[in-house]
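If you read the sequence from its start, that first residue is 1, and numbering goes on from there. These numbers come from a predicted model, not from an experiment.
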Amino acid sequence: MLVLFCFQIYQHLKYYTNPSEQRWIVRILFIVPVYAFDSWLSLLFFEQSYYVYFDSVRDCYEGRLFSHIIVSVLVKIESFKGKNENEDE
């Protein structure tokens, strides 16, 4: 699963033809490798109680991701709104 998401990120970056849209898609897809790496580190350092710090970093990234999702939806709505206004004229 992780390989699939990394491949999708790679494909979006390789064929970067629509930057305003693909920037948000890559940011959203990047959550899977971040979660996987955080989970691995949490399991690796569970005995030393470092997992609390890793989870805090992950939660901050998750909050930032949700704001990116909201902005990407708003950008998409705005682009549809602009296309519909041009068709009316």
So if you build clusters from Ile, Leu, Val, Met, Phe, Trp, Tyr with side-chain heavy-atom gaps below 4.5 Å, do [X] and [Y] land together?
| X | Y | value |
| --- | --- | --- |
| Val26 | Val71 | no |
| Tyr10 | Phe5 | no |
| Val32 | Phe66 | yes |
| Val34 | Ile25 | yes |
| Ile69 | Trp24 | no |

Point to revise | Residues Tyr35 and Glu62: side-chain donor-acceptor under 3.5 angstrom | key: yes
Review point. Side-chain contact, heavy-atom cut-off 4.5 Å: Pro33 with Ile9?
Key: yes
Review point. Between Phe30 and Tyr61, does a side-chain contact (heavy atoms from CB on, under 4.5 Å) hold up when you go through it step by step?
Key: CA-CA 10 Å; Phe30 218 83; Tyr61 183 76; 3.5 Å; yes
Exercise for review: Kindly compute the distance separating CD1 (Ile31) from NE2 (His68), expressed to the nearest 0.5 Å.
Suggested key: 10.0 Å
Review point. What heavy-atom pair brings Ile28 and Leu65 nearest, and what distance separates the two atoms?
Key: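 Looks like CA-CD1, 3.5 Å.
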Check your understanding: Sub-3.5 Å donor-acceptor pair from the side chain of Gln22 to the main-chain atoms of Leu13, do we have one?
Key ->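 No; zero donor-acceptor contacts below 3.5 Å.
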Check your understanding: Is a side-chain donor or acceptor of Glu21 paired with a backbone partner of Ser72 at a separation under 3.5 angstrom?
Key -> no
**Study point:** Where at least one partner belongs to residues 22-41, residue pairs that pass salt bridge (Lys or Arg N to Asp or Glu O under 4.0 Å), sequence neighbours excluded
**Key:** Asp38-Arg58
Check your understanding: Within a reach of under 6.0 Å around OH of Tyr16, are more than 12 heavy atoms found that belong to other residues, nucleotides or ligands?
Key -> yes
